[in-house]
Every structure is written in C-alpha cells, then in structure tokens.
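These notes concern the structure reproduced below.
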Amino acid sequence: MYGMLLESIQHFVQEEYGEEVWNQVLEDSGFKNAVFTTHKVYPDRLIPRLALACSKYSQNSEAKVDDFLCFFGRCFVRFFTHYGYDTLIRASGRYFRDFLNGIDNLHHQIRFSYPKMQSPSFYVESEDIGGARLHYRSKRTGFGYYVIGQLIQIAQQFYGLDLRVTILKDDEDLNGSSECHLIYDLSDEAHFWLNGYVNKQNCRIWSEANPQVYVKTPLHPEKLTVWAVGILLQKR
C-alpha cells in the first residue's frame, strides 16, 4: 500500500479532528510520529488499525470501524484530485456505469506511476435500470468498506449520484484473498419548475441548432421534485 492513501487519511483526520487526535491515533496504531511519503510502501494492516483507533476518539458514540473505513475511502477520492487523477475518472466515460466497467483499466494506467501497486480486480456481473452488481476481488482483507467509501464519493463527486451500497457477500478464503459482492441502488433527483424553467444541472435538452432564446425566470420559482431510481445506469 502506497503512502498516498495514508496521506489522504492524515489530511482529513487532522482537518476534522485536529493534530492532537491524529497523533494519538498514530500512537494507538503502533506508528507513533510516523511521517508518510507518497511513493513509499507501507503495511496493509495500517489502515484498519487507523480506523480502529479513530473510532475510539470519535465524538459520535455510534461510529464504528466500518464507518471510518468508509470515511477513509471518501477521503482518498477527495485527496487524489491534488495529483490530477480526477482527469482519469472523467475520461473513463460519461456515465457511472462506464466508470464501473473501466476500474481495472484505470488501475492499469496508474500502475505506471506506482509499479509496486497491488490493485484489486473489479467486474460488473449484471446491470439494469435498478442498479448493478459489482464483484471486488483483492488479496487484502478488511477493505470492503473502504472501497464502498471510494465508490460513494466518486458517484457523488463526478456523476452527481446518491449511491447506496449493500454487501451481498463477503468471503475470505485461506490464502488471504477476499471477495465482496456489492449491489448499487442509485437515485438522482430532477426538479420540474412550475413556471416551465428547467434545471440544466439535472437534465439535458438536445438540439441540432442553438435556439438563441433567453427566458427570464425568478431566482427561486416554485417547483416539484421527482425522484428517479437507477435510470442513470441504463445502457446507451
């Protein structure tokens, strides 16, 4: 595991909980005074240990280790934009389904910069208008919720989706590999304004020519919100 993953955790834990808590988390994890370097390789067990330590210092008594693993996954997606890797996500396709089907290809591209990276494998078993079933295989154990955090953040940040994830199956065999079967319930909202205005952020009107029409509308007209489930995973 490369240090960039740990740098992302450090950045956001310090931002949300403070330097003192971060130092205590490091000490409880057995890495007191550790300074993480982007291209250095660290033990895989460190992230689960950091999640366990963070759960002890959370002001939310109901926060669990899995909650912090999910938080760490979201932190990584927010952090890697500083390195320009958001361009790879945007280039993977127009829809979230394009990203899901191209995750392994993304890892292959990143491996040129991180040659010792042991990336997991993903493949989409099935998809329909209600969602998709994604297989995740890795030699690392205990990272299922970390991956969920990454997927949730990518869906929200790059595709404007409110992603919900359920683990259908989580097997760990004797050689240390793990398999998680994840199903995604996607939801997105569209606003229908009562005065005829259309929110361009939530829908598109296609035309061969620019209509060159400008319509004056109030800043906050009356509206009706309708929820549509899963339609953005639909094949083109």
Side-chain angles (χ1 to χ4, degrees), residues 1-17 21-58 63-83 85 88-89 99-100 103-123 134-154 165 167-182:
M1 175 179 62
Y2 276 98
M4 184 169 67
L5 280 72
L6 300 168
E7 286 180 310
S8 68
I9 295 173
Q10 176 180 350
H11 175 81
F12 288 102
V13 170
Q14 287 177 326
E15 184 177 90
E16 298 198 17
Y17 295 94
V21 170
W22 171 248
N23 290 335
Q24 191 62 54
V25 165
L26 280 179
E27 184 174 351
D28 289 359
S29 303
F31 283 80
K32 183 178 180 180
N33 299 324
V35 178
F36 301 120
T37 305
T38 302
H39 287 87
K40 183 177 179 179
V41 178
Y42 296 87
D44 293 334
R45 67 180 184 276
L46 184 50
I47 284 184
R49 285 187 178 183
L50 290 173
L52 176 61
C54 283
S55 67
K56 298 178 181 178
Y57 294 97
S58 173
K64 302 178 180 178
V65 175
D66 292 343
D67 296 324
F68 276 97
L69 285 171
C70 186
F71 170 68
F72 291 169
R74 300 191 70 159
C75 290
F76 178 70
V77 175
R78 294 163 63 189
F79 188 78
F80 69 44
T81 57
H82 300 303
Y83 292 83
Y85 292 116
L88 294 178
I89 302 294
F99 163 76
L100 292 178
I103 296 177
D104 283 2
N105 183 51
L106 289 174
H107 283 148
H108 179 72
Q109 296 179 60
I110 296 173
R111 193 174 290 114
F112 288 103
S113 300
Y114 300 89
K116 296 182 181 180
M117 183 176 70
Q118 297 181 359
S119 57
S121 177
F122 294 84
Y123 77 91
L134 179 70
H135 289 251
Y136 156 71
R137 299 180 186 272
S138 175
K139 294 182 179 179
R140 299 184 177 96
T141 59
F143 280 76
Y145 283 91
Y146 184 87
V147 172
I148 288 176
Q150 291 179 319
L151 293 172
I152 290 175
Q153 186 65 31
I154 288 173
V165 183
I167 298 181
L168 298 179
K169 188 177 182 181
D170 187 354
D171 290 338
E172 297 182 3
D173 56 31
L174 297 179
N175 64 14
S177 65
S178 63
E179 179 179 336
C180 298
H181 293 189
L182 310 177

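As the structure is a computational prediction, the values presented were derived from the model and not from experiment. All residue numbers refer to positions in the sequence shown, counting from 1.
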- [ ] Return the orientation label for the Tyr42 and Phe36 ring planes: parallel under 30°, perpendicular over 60°, tilted otherwise.
- [x] perpendicular
TODO: For Ser119, enumerate each residue passing the side-chain hydrogen bond (donor to acceptor under 3.5 Å, both in side chains) test, keeping only those at least two apart in sequence or located in another chain.
DONE: Arg111
- [ ] Answer with yes or no after comparing the ring centroid distance for Phe76 and Phe72 against a 6.0 Å cut-off, counting only values under it.
- [x] no
TODO: Give the ring-plane orientation class for His39 versus Tyr2, where under 30° counts as parallel, over 60° as perpendicular and anything between as tilted.
DONE: perpendicular
Open item on the list: Taking OH in Tyr145 as the centre, count heavy atoms belonging to other residues, nucleotides or ligands within less than 6.0 Å. Is the count above 12?
Closed with: no
Task: Centroid separation Tyr17 to Tyr57 less than 6.0 Å - done: no
Task: NE2 on His82 to CE on Met4, rounded to 0.5 Å - done: 11.0 Å
- [ ] Count the heavy atoms belonging to other residues, nucleotides or ligands that lie under 6.0 Å from CD of Gln109, then report whether that count exceeds 12.
- [x] yes
TODO: Check whether any side-chain heavy atom of Leu151 lies under 4.5 Å from a side-chain heavy atom of Leu100, and answer yes or no.
DONE: yes
Open item on the list: Among residues at least two apart in sequence or on other chains, which ones pass side-chain hydrogen bond (donor to acceptor under 3.5 Å, both in side chains) with Arg74?
Closed with: Gln153, Gln156
TODO: Could you grab the distance from atom CG of Leu6 to atom OG1 of Thr38, nearest 0.5 Å is fine?
DONE: 10.0 Å
TODO: May I ask you to check whether Asn23 and Glu27 show a side-chain donor-acceptor distance below 3.5 Å?
DONE: no
TODO: Please round to the nearest 0.5 Å and tell me the distance separating atom CG of Leu26 and atom CH2 of Trp22.
DONE: 4.5 Å
